[in-house]
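What follows is a set of notes on a single structure, which appears directly below.
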Amino acid sequence: ERMNNLLAVTVTNLILITDPQVIFFGGDISRLPYVNKLFLEPIIAKVKSSIPFELPKIKLPSLGEDAGVVGACYMAIETIISDNFTYKIEKEV
């Protein structure tokens, strides 16, 4: 319960500071049994009681604990393809 309270305060502050569209709880927490009942639902309820406007979606990533790695790979590939990568290996002719 203490962890849920601390996470709810953290999520509330993130919402008020950054105004996100969605918040994901990834990593090891996403693999825990009954994660929705034990963590997400209580955290969402506490955040709702603190914020007077519509909350962003708060959920688990569909990729589970691999979401961060997949997102980093996606951003790296997109940067290279869009030619915004600052370092290049140039082939001598």
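Note that the structure is predicted; figures quoted are calculated from it, not measured. FYI, the numbering just counts along the sequence from 1.
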Q: Only counting residues at least two apart or in another chain, list the ones meeting side-chain contact (heavy atoms from CB on, under 4.5 Å) with Pro61.
A: Phe24, Ala67

(Q) Could you report the tightest heavy-atom contact between Pro20 and Ile15, atom names first, then the distance? (A) CD-CA, 3.7 Å

Q: Kindly work out whether a path of hydrophobic side-chain contacts (I/L/V/M/F/W/Y, heavy atoms less than 4.5 Å apart) joins Phe53 to Leu55.
A: yes

(Q) Test of understanding: with side-chain contact (heavy atoms from CB on, under 4.5 Å), list the residues that count as partners of Glu1, not counting sequence neighbours. (A) Asn5, Lys46

Q) Which salt bridge (charged side-chain N to carboxylate O under 4.0 Å, His left out) pairs, counting each pair once, include a residue from residues 12-27, with sequence neighbours left out? A) none

Q.
Please list all pairs meeting salt bridge (charged side-chain N to carboxylate O under 4.0 Å, His left out) that have one or both residues in residues 31-41, counting only residues at least two apart or in different chains.
A. Asp28-Arg31, Arg31-Glu65

Q.
Which heavy atom of Pro56 sits nearest to which heavy atom of Val22, and what is that distance?
A. CB-N, 4.0 Å

Q. Got a sec, which residues hit side-chain contact (heavy atoms from CB on, under 4.5 Å) with Tyr74, two or more places apart in sequence or on another chain?
A. Glu78

Q | 4.5 Å side-chain heavy-atom contact, Pro42 and Asn4 | A | yes

**Q.** Shared hydrophobic cluster for Leu6 and Val47 (ILVMFWY, side-chain gaps under 4.5 Å)
**A.** no

(Q) Please list all pairs meeting salt bridge (charged side-chain N to carboxylate O under 4.0 Å, His left out) that have one or both residues in residues 5-16, counting only residues at least two apart or in different chains. (A) none

**Q.** Candidates Leu16, Leu14, Thr10, Val9 - the one meeting side chain to side chain contact (heavy atoms under 4.5 Å, CB included) with Thr12
**A.** Leu16

Q. Can you find a heavy atom in the side chain of Leu60 that is under 4.5 Å from one in the side chain of Phe39?
A. no

Q: Return the set of residues passing side-chain contact (heavy atoms from CB on, under 4.5 Å) with Ile58 (not counting sequence neighbours), or none when no residue passes.
A: Val11, Ile23, Phe25, Leu40, Ile44

